[in-house]
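Presented below is the structure to which this report refers.
Chain letters run A, B, ... following the sequence lines, proteins first and then strands; every chain starts at 1. No hydrogens, no waters, no symmetry mates; every other heavy atom, side chains included, goes into these values.
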Amino acid sequence: MSSDDSTKPKDFIRAIVAEDVAKKKNGGQVATRFPTEPNGCLHIGHAKSIVLNFGIAKENEGGICNLRFDDTNPTTEETQHVESIVEDVRWLGYDWGDRIHFTSDYFDQLFEFAVRLIEKGKAFVDDQSAEEIRANNGSLTQPGRNSPSRDRSVEENLDLFARMKAGEFDAGRKTLRAKIDMSSSVLTLRDPIMYRIQKSHHHRTGEDWSIYPMYDFAHGQSDAIEGITHSICTLEFQDHRPLYDWYIQELGLEPAPRQIEFARLNLTYTVMSKRMLRRLVDEGHVDGWDDPRLPTLRGLRRRGYTPDSIRSFCEGIGVAKRDNMIELARLEHSIRHDLNLRAKRVMGVLRPLKLVIENMPEGEVDELDAINNPEDDSAGTRKVPFSRELYIERDDFMEDPPKKFFRLAPGREVRLRYAYFVTCTEVVKDVDGEVVELRCTYDPATRGGDAPDGRKVKGTLHWVSVHHAIDAEVRLYDTLFSVEDPTRTLPGQDFTDNLNPSSLEVLRKVKVEPSMAGAVPGSVCQFERQGYFCVDPDSDEHRLVFNRTVTLRDTWAKVAKKEKR
RNA sequence: UGGGGCGUCGCCAAAUGGUAAGGCAGCGGCCUUUGGAGCCGCCAUUUGUAGGUUCGAGUCCUACCGCCCCAGCCA
């Protein structure tokens, strides 16, 4: 039964960690962190990183994972984002104990680190303007030029840096730069800026500082301060690793944390950059950060995705260094798999078509037993009222059906789920020829759905009793974009040109079975034969609103599509 | 173009010189009171290309091709 599979690292990062632990590096300890800038909303790409970092900590004895906010740029960061991020990571199912940290907690120490580098002659205050710095930075193929300020004395640098801190200079007038190599082919090493002057309000330190460290100068040192052993980030930071290591080494920080990079998540039919997500929200293409069409954690939650499904998705896609684009189908698979096991089955008719059973007396109500979840006996059964007038799905009737259509048609007999066999005897149309009602007869001997004479029926339909049904609104979602990679655009266009104009369809005349009365926001169910749905927070005691999380797999749709061709 | 990375099935992804896992998707079939779920089977003679080393190469060497990232006082 047991095997060694569980001890086998699943990806290259876990392999590195396992190797370090085996070598007793860092005393065999493992400490990771999930870092983020509090300037936006978490999305499923962040979830990949969260699951990775917290997962590695959990898998190693005594391992820890800190939550860290990289709040080094006061102009873009806000407390409200901190709160929303904390909530999202918790919702995903992770706990960091009391280890919630802010880079701003380390501002004093970082300042001291900077002074130390100045004293070593490894940093200098630069008088150049942003334009001059850019102009002297060279290009991909051309080396840069040394700043005229580069050879200032240690004393002068110390004095200037102290005055920068004291707020004596206006924003942009001076920077503190590391003295490395302006001709390096690694652009990050061309005397990188360590501190810039910025006189804006910081969400935690207020007006205490007029200088703020750059990410590169802050991140590795923060890792070292927290005792992080493995600092996992995305591929675009690969070029920063030499600088990360340079600061740690020049400052003699031990044990040295190790930066490891992996490929970020890309998902088809959506975008994952903060910038683009923000535009979608700001320009009103979606209805807020929690719009169910967004790949944000809040959007996915409102859509009905469970933390379990997101975690198993992230664990399933793997971690590697090659660029990837995961098919949406894979995410959908993980939520279907999860909800199949836990969602209560219920009948709801999205586009109602009236069906009258002529041989059933008016006013008679038959209470039938229905199974709540065939995957889970403990979910039990419920009663569903059946009567002379019912609604069935419009799509479940065709006047002139193709060969493989198993549902209702004139003269044809089908089963109404958990109820009776019915046969269509007459089709009622309005003046435009639109089918408005079906007349049927039922076979009382088939109560529950089986014929005592053993006769079989091809199709089983969901239904709802006209006089017992509850009204509901249903929001059907399609992909937000109509192409797999919305960032790939034609000349002169941008990603919003790839938006799917029909990503949202609202159905306002939905009829659901009475057992749904009082359903609470956030609760999930399966409308049989249609998909998984969850109750939207827009619901109240007078209004029931459902979001379709995902459809059921639909082989009929495939057959129908094939026949059309 | 200088530098840093990456190329294994439609999409992910294992394989650490010993004869190409697995998942998703797809395709058949079984079963079915959800055209759901479940079950069974099929799905890379070949790892970007071309050479080379070796008894043996996805793994090592050479050359080429392709894709991604870097020229913020963003992270």
Side-chain angles (χ1 to χ4, degrees), chain A residues 8 10-11 15 35-37 39 70-73 75-77 126 128-130 133-134 137-144 171-177 184-190 192-198 211-212 214-216 218-219 233-242 261 263 268 274-275 316-334 336-337 340-341 345 347 370-371 374-375 404-407 415-419 421 446 448-450 456-462 484 526-532 551-560:
Chain A
K8 195 172 166 192
K10 289 158 62 187
D11 55 68
T36 181
E37 186 186 15
N39 69 344
D70 269 324
D71 54 351
T72 56
N73 187 358
T75 58
T76 58
E77 297 151 4
D126 194 352
Q128 292 183 109
S129 67
I133 289 181
R134 199 182 315 122
N137 233 302
S139 70
L140 293 180
T141 49
Q142 300 276 109
R173 296 308 296 260
K174 292 193 185 328
T175 56
L176 181 72
R177 300 179 70 180
S184 174
S185 50
V186 179
L187 269 42
T188 338
L189 256 22
R190 317 244 258 230
I193 292 171
M194 295 164 59
Y195 272 91
R196 75 283 211 187
I197 298 170
Q198 226 172 94
I211 54 173
Y212 290 92
M214 298 287 288
Y215 165 86
D216 284 309
H219 200 88
C233 61
T234 43
L235 249 31
E236 66 270 26
F237 290 100
Q238 282 179 125
D239 291 340
H240 298 235
R241 188 169 1 110
E261 313 86 10
T268 56
K274 268 183 193 174
R275 195 197 108 243
I317 55 176
V319 178
K321 294 182 83 159
R322 56 184 94 93
D323 287 336
N324 61 83
M325 172 82 76
I326 310 285
E327 290 176 342
L328 216 216
R330 188 145 181 177
L331 214 212
E332 293 183 336
H333 167 79
S334 62
R336 284 194 188 104
H337 179 78
N340 176 46
L341 301 174
R345 271 58 168 179
M347 290 194 283
I371 293 166
E375 305 292 328
K404 286 180 179 163
F405 187 80
F406 301 156
R407 289 113 88 145
R415 170 169 40 235
L416 295 181
R417 178 138 234 232
Y418 298 125
F421 285 10
T446 57
D450 277 312
K456 298 291 179 198
V457 102
K458 266 293 208 187
T460 301
L461 274 41
H462 61 276
E484 287 202 346
Q526 181 197 101
F527 286 166
E528 294 218 25
R529 304 208 301 133
Q530 309 204 95
Y532 296 99
T551 62
L552 252 30
R553 282 185 69 220
D554 188 351
T555 39
W556 162 242
K558 272 182 216 161
V559 173

Using a cut-off of strictly less than 4.0 Å, decide whether [X] has a side-chain nitrogen or oxygen near OP1 or OP2 of [N].
{"X": "A:Arg345", "N": "B:G36", "answer": "no"}
{"X": "A:Thr72", "N": "B:A75", "answer": "yes"}
{"X": "A:Arg196", "N": "B:A75", "answer": "yes"}
{"X": "A:Lys558", "N": "B:G26", "answer": "yes"}
{"X": "A:Gln526", "N": "B:A37", "answer": "no"}
{"X": "A:Arg134", "N": "B:G72", "answer": "yes"}
{"X": "A:Thr555", "N": "B:G36", "answer": "yes"}

ask   = Would you say A:Arg336's side chain and A:Thr551's backbone share a donor-acceptor pair under 3.5 angstrom?
value =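 A pair under 3.5 Å: yes.
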query = For the side chain of A:Arg330 and the backbone of A:Gly316, is there at least one donor-acceptor N/O pair under 3.5 Å apart?
reply =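 Yes: the side chain of A:Arg330 pairs with the backbone of A:Gly316.
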key: Stepwise side-chain contact (heavy atoms from CB on, under 4.5 Å) check, A:Leu552 with A:Phe527   = CA-CA 9 Å; A:Leu552 252 30; A:Phe527 286 166; over 6 Å; no
For [X] and [N], what is the distance between atoms [atom1] and [atom2] respectively, to the nearest whole Å?
{"X": "A:Gln238", "N": "B:G5", "atom1": "CD", "atom2": "C1'", "result": "5 Å"}
{"X": "A:Glu261", "N": "B:A75", "atom1": "CD", "atom2": "P", "result": "18 Å"}
{"X": "A:His333", "N": "B:A37", "atom1": "NE2", "atom2": "C1'", "result": "12 Å"}
{"X": "A:Lys321", "N": "B:C6", "atom1": "NZ", "atom2": "P", "result": "5 Å"}
{"X": "A:Glu327", "N": "B:C12", "atom1": "CD", "atom2": "C1'", "result": "8 Å"}
{"X": "A:Asn137", "N": "B:C70", "atom1": "CG", "atom2": "P", "result": "15 Å"}
{"X": "A:Tyr212", "N": "B:G72", "atom1": "OH", "atom2": "P", "result": "23 Å"}
{"X": "A:Arg322", "N": "B:C67", "atom1": "CZ", "atom2": "P", "result": "18 Å"}

Roughly how far apart, to the nearest Å, are [N] and [M] at atom [atom1]?
{"N": "B:G7", "M": "B:G51", "atom1": "P", "result": "22 Å"}
{"N": "B:A50", "M": "B:C31", "atom1": "P", "result": "48 Å"}
{"N": "B:C42", "M": "B:C64", "atom1": "C1'", "result": "37 Å"}
{"N": "B:U53", "M": "B:U45", "atom1": "P", "result": "26 Å"}
{"N": "B:C11", "M": "B:U16", "atom1": "P", "result": "24 Å"}
{"N": "B:U59", "M": "B:G18", "atom1": "C1'", "result": "11 Å"}
{"N": "B:U19", "M": "B:G58", "atom1": "P", "result": "11 Å"}
{"N": "B:C24", "M": "B:A57", "atom1": "P", "result": "33 Å"}

With a 3.5 angstrom cut-off on both distances, give the Watson-Crick or G-U wobble partner of [N], or none if there isn't one.
{"N": "B:A44", "answer": "none"}
{"N": "B:G2", "answer": "B:C70"}
{"N": "B:C60", "answer": "B:G52"}
{"N": "B:A15", "answer": "none"}
{"N": "B:G7", "answer": "B:C65"}
{"N": "B:U34", "answer": "none"}

Side-chain donor/acceptor contact of [X] with base of [N] under 3.5 Å:
{"X": "A:His240", "N": "B:A75", "answer": "yes"}
{"X": "A:Arg407", "N": "B:G35", "answer": "yes"}
{"X": "A:Gln530", "N": "B:U34", "answer": "no"}
{"X": "A:Asp239", "N": "B:G3", "answer": "yes"}
{"X": "A:Glu375", "N": "B:G36", "answer": "yes"}

key: Pair A:Thr72-A:Asp70, side-chain hydrogen bond (donor to acceptor under 3.5 Å, both in side chains): steps then yes or no   = CA-CA 6 Å; A:Thr72 56; A:Asp70 269 324; 5.9 Å; no
request  = Check the angle between the aromatic planes of A:Tyr215 and A:His240 and answer parallel, tilted or perpendicular using the 30° and 60° thresholds.
outcome  =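 Perpendicular.
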key: Distance in Å, A:Leu416 CG paired with A:Phe421 CZ, rounded so as to fall on 0.5 Å steps   =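 If I round to the nearest 0.5 Å, the distance is 10.0 Å.
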query = Measuring from A:Gln198:CD to A:Thr75:OG1, what's the distance to the nearest 0.5 Å?
reply =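 The CD atom of A:Gln198 sits 5.0 Å away from the OG1 atom of A:Thr75.
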inquiry  = Classify A:Gly316 by what it touches in the nucleic acid, base, sugar-phosphate, or nothing, heavy-atom distance under 4.0 Å.
reply    =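 The residue A:Gly316 makes no contact with any strand.
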message = With the six-membered base ring of B:G35 as reference, does the ring of A:Trp556 sit under 5.5 Å away with planes under 30° apart?
response =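 Yes.
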message = Checking understanding here: a glycosidic angle within 90° of 0 is syn, the rest anti, so what is B:G72?
response =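 Syn conformation here, the glycosidic angle of B:G72 being no more than 90° from 0.
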task = Select from A:Ser185 and A:Ile317 the residue whose nearest nucleotide in RNA chain B is closer to the 5' end of that strand.
result =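 So the residue in question is A:Ser185.
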RNA chain B: 5'-proximal contact among A:Gln128 and A:Ala263 (nearest heavy atom) =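 Looking at RNA chain B, the more 5' nearest nucleotide goes with A:Ala263.
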ask   = Will you find, in the side chains of A:Arg415 and A:Thr460, an N or O donor that is under 3.5 Å from an N or O acceptor?
value =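 Short answer, yes.
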